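What follows is one structure encoded as structure tokens, with my remarks underneath.
Every chain is numbered from 1 and lettered A, B, ... according to where its sequence line falls, protein lines coming before strand lines. When reading the values below, keep in mind they use all heavy atoms of this one structure, side chains included, and skip hydrogens, waters and symmetry mates. What you are looking at is a predicted structure, and each value in this text was computed from that prediction instead of being measured.
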There are 4 protein chains.
Amino acid sequence: MNTGRLEAFTDGVVAIIITIMVLELRVPQGGDLRDLASSAPVLLAYLLSFVNVGLYWNNHHHMLHATERIDGRVLWANLFLLFWLSLVPFVIRWLDDSGFAPGATAAYGIVLGLASVGYALTERSIIACNGPDSPVAQAIGSDWKGVGSIALYVVAVPLAYVSRWFALVLYIVVILLWLVPDRRIVRALNRSKA
Amino acid sequence: MNTGRLEAFTDGVVAIIITIMVLELRVPQGGDLRDLASSAPVLLAYLLSFVNVGLYWNNHHHMLHATERIDGRVLWANLFLLFWLSLVPFVIRWLDDSGFAPGATAAYGIVLGLASVGYALTERSIIACNGPDSPVAQAIGSDWKGVGSIALYVVAVPLAYVSRWFALVLYIVVILLWLVPDRRIVRALNRSKA
Amino acid sequence: MNTGRLEAFTDGVVAIIITIMVLELRVPQGGDLRDLASSAPVLLAYLLSFVNVGLYWNNHHHMLHATERIDGRVLWANLFLLFWLSLVPFVIRWLDDSGFAPGATAAYGIVLGLASVGYALTERSIIACNGPDSPVAQAIGSDWKGVGSIALYVVAVPLAYVSRWFALVLYIVVILLWLVPDRRIVRALNRSKA
Amino acid sequence: MNTGRLEAFTDGVVAIIITIMVLELRVPQGGDLRDLASSAPVLLAYLLSFVNVGLYWNNHHHMLHATERIDGRVLWANLFLLFWLSLVPFVIRWLDDSGFAPGATAAYGIVLGLASVGYALTERSIIACNGPDSPVAQAIGSDWKGVGSIALYVVAVPLAYVSRWFALVLYIVVILLWLVPDRRIVRALNRSKA
């Protein structure tokens, strides 16, 4: 089974998720730019989610580029990932409707956290299918970022009940973790391990 | 006529169906995770439908992979399948709005049942176009699962008026039928036939 | 300029149009299958539109399959076609909200009629780009169906103000015109011309 | 890293943006064609946006056709472009709900202006990745249209507060700038520079 159609299907679903999120945004009541202030939180949540889903697409792109073979397990792990990503528009709307209530803020972390788990499962099943010495296994490496993201979401979700700002900051930390170019960090970590 | 563009179009439509279903989900009234309880039934219907549509995509993927030729009849049978799949978001919304009323629960089975018929028609037209000895005809085989699914939907739809739980359980049985790896079952059945 | 990306973009837009139409359908008020009766007109409009858009996709598929070259004019004629097709979900919603009022019924014909014009313009620009002796020019032929469809819409739109049923019947006649296999008709017409 | 999947992803997102805009259009209250008059402004905004997004797709198509290599910076500049394009349906809805209020009219220019910036950034990062003598760098050339569009949006946005008609006219001028075939203009400009 080759990777072409899986890539095409994933691209399709991710492109749709990233685009239909905009349908969930409520427009301001008034007609002035100042009225956008009331929409600022949900627009930031939209930006955050857009970058998040964009990162998933980007990383998925690189991972499948190095993948030679897939099997049924990869298809289902990938569908698990897409399922949780597909709920992002739902939690954005809930965040907006509830005024960033603690429960909705926690739900946002749960959905993104389970998407991270889905991504990790897809990685594992691809490595299991291609072997630990395959190019894709070496490209994925130790994946401390993936494990770290899941850990940060596990911490952030209960913190949403203490203060939703703690949770939101941790959600942004996860994104920065992936955005910041990290070759030097990885090399430093490897050196400290050696 | 080759299969490339049919695959791409089907992937596109299925990717959109699986993703826009989320637009039909109503967010909870309150802002607490407990308030998700009221959304639990529709979230389960969403999960059920996501897996169902994912299964169709997966099986369609394998079937077209083995297909060499298609004709106008295949295109129309495939469009019939896509038509019924496209109504899944509609019945999910109806299920939610009506609180899983018997009629909406029956409609869910009718839509999925007619999608099964569409899938069977697509199989038949592909076999008719490629010949009974073609690789795709052998890959499809006796398709007892397809026939069994249609039969289960025929039973489940009237049962929705007795109890919607009967119907929902049967809808889940159809999914399990497709999820459980079945090589051993098929072999056992073949042996009992021999 | 080759046809690959134009086909992919058109497939994408058509796949989305055909799928998001379902978001425009209002679910029945009640929870019984009988309550679907109130949704019957709009479901029929949905079916009509699904077949119509499916026919456009099918014919576009065949036309571009035979096309060797495209230029800027083809891109814009194709975008004109997609623009009018993209308004189909809008007129379906209007039909539903207005209870199939004459104006909305006429608007449905105007949108489909201008999509027909867009298709004819795409054909002309492809022939202009590939030459009158190119395979695609011969595959398109005299296109009496395209001209006939536009003529039927021109008749149907004002008739919607006399009786919306007249208009709806003519809209269905256009679909049947395209659905019925017509090789014999074409050959008969050619013979009568000779 | 090759351009195939970036093209496919961009095509997907743009196809979805151009199509879901229709979901933001409110249908007329009445059932007569005259009642469309009240929808005329938003239908014109829809047409304007459809042509605008179509132009982006068309130009993106040509630019990536000439591109040999992309890197991480190109991916992110492209995602920046897609982010602002994805907000077009949001501002169309706001324009409609606010009756073309100055703030919403300005927001429309801000979103399109930042999309122009995103397009320019994508161009720059592609040239940086392929070198100033690469075919794509020569195909892009001096890009006076891109710079001119950004300048026009910078002028139009504050003018929306003087009169929304000034702003709307400038938005249309940007479109005409791109629609009008310009080889002669470019050549004339080049000659006047020489």
Side-chain angles (χ1 to χ4, degrees), chain A residues 3-39 42-44 46-66 89 92 96 178-183, chain D residues 1-2 4-24 53 70-76 78-111 157-158 160-161 164:
Chain A
T3 64
R5 211 174 161 191
L6 179 67
E7 285 180 89
F9 185 71
T10 304
D11 283 7
V13 171
V14 170
I16 300 156
I17 292 170
I18 216 171
T19 319
I20 63 170
M21 286 192 296
V22 82
L23 296 174
E24 309 287 15
L25 303 180
R26 276 185 307 179
V27 298
Q29 295 286 350
D32 204 83
L33 278 180
R34 253 167 309 171
D35 298 314
L36 267 181
S38 65
S39 299
V42 76
L43 284 172
L44 282 173
Y46 177 66
L47 173 62
L48 201 77
S49 307
F50 195 94
V51 174
N52 240 320
V53 177
L55 277 166
Y56 273 111
W57 178 73
N58 199 357
N59 295 330
H60 196 274
H61 185 321
H62 291 309
M63 178 167 65
L64 280 215
H65 194 71
I92 287 185
D96 194 21
W178 288 94
L179 274 183
V180 170
D182 62 345
R183 298 223 177 123
Chain D
M1 205 188 300
N2 76 1
R5 210 174 162 190
L6 179 68
E7 286 180 89
F9 185 70
T10 304
D11 283 7
V13 171
V14 170
I16 298 157
I17 292 169
I18 216 171
T19 320
I20 64 170
M21 287 192 296
V22 82
L23 296 174
E24 309 287 16
V53 177
I70 55 171
D71 56 14
R73 257 212 294 171
V74 176
L75 289 185
W76 284 106
N78 196 66
L79 209 61
F80 183 87
L81 163 63
L82 293 179
F83 176 75
W84 292 103
L85 285 183
S86 81
L87 285 173
V88 169
F90 173 77
V91 283
I92 287 185
R93 201 188 334 149
W94 193 19
L95 275 175
D96 194 21
D97 280 12
S98 68
F100 283 70
T105 310
Y108 188 73
I110 292 170
V111 164
V157 166
Y161 282 91
R164 49 195 188 176

Point to revise | D:Leu6 versus chain A, the contacting section by heavy-atom distance below 4.5 Å | key: both
Check your understanding: Which of parallel (below 30°), tilted (30 to 60°) and perpendicular (above 60°) describes A:His65 and A:His61?
Key -> tilted
**Study point:** Under 3.5 Å: donor-acceptor pair, side chain of A:Asn59, backbone of A:Leu55
**Key:** yes
Practice item. Pick whichever of D:Tyr161, D:Trp76, D:Phe83 has the most heavy-atom pairs under 4.5 Å with chain A. Key: D:Phe83
Review point. So which part of D:Leu95 gets closer than 4.5 Å to some heavy atom of chain A, the side chain, the backbone, both or neither?
Key: neither
Point to revise | A:Leu43 side, atom CG; A:Leu48 side, atom CG - distance, nearest 0.5 Å | key: 12.5 Å
Check your understanding: If you tally heavy-atom pairs under 4.5 Å against chain D, which of A:Gln29, A:Met21, A:His60 wins?
Key -> A:His60
Practice item. Please flag which part of A:Glu7 lies under 4.5 Å from any non-hydrogen atom of chain D: side chain, backbone, both or neither. Key: both
Study note, to complete from the structure: Cut-off 4.5 Å, heavy atoms of chain A, and the answer for D:Phe100 is neither
Check your understanding: Pick from A:Asp35, A:Leu36, A:Thr19: which one has the most heavy-atom pairs with chain D under 4.5 Å?
Key -> A:Thr19
Point to revise | Donor-acceptor contact present, side-chain D:Trp94 to main-chain A:Gly30, <3.5 Å | key: yes
Point to revise | Heavy-atom contact with chain D under 4.5 Å, split by part of A:Leu64 | key: side chain
Review point. Side chain, backbone, both or neither: which part of D:Leu23 has a heavy atom under 4.5 Å from chain A?
Key: side chain
Revision key, fill the gap. Pair count under 4.5 Å, heavy atoms only, with chain A: among D:Pro89, D:Ala160, D:Ser86, D:Gly12, highest is D:Ser86
Practice item. Please tell me if the side chains of A:Tyr46 and D:Leu87 come closer than 4.5 Å, counting only heavy atoms from C-beta onward. Key: yes
Review point. Where does A:Arg34 contact chain D at under 4.5 Å (heavy atoms): side chain, backbone, both or neither?
Key: neither
Exercise for review: State the CG-CD1 distance between D:Leu75 and D:Ile70, to the nearest 0.5 angstrom.
Suggested key: 5.0 Å
Check your understanding: Are any of the side-chain heavy atoms of D:Leu79 and A:Phe50 separated by less than 4.5 Å?
Key -> yes
**Study point:** Approximate separation, where rounding is to 0.5 Å, of A:Ile18 CD1 and D:Ile16 CD1
**Key:** 9.5 Å
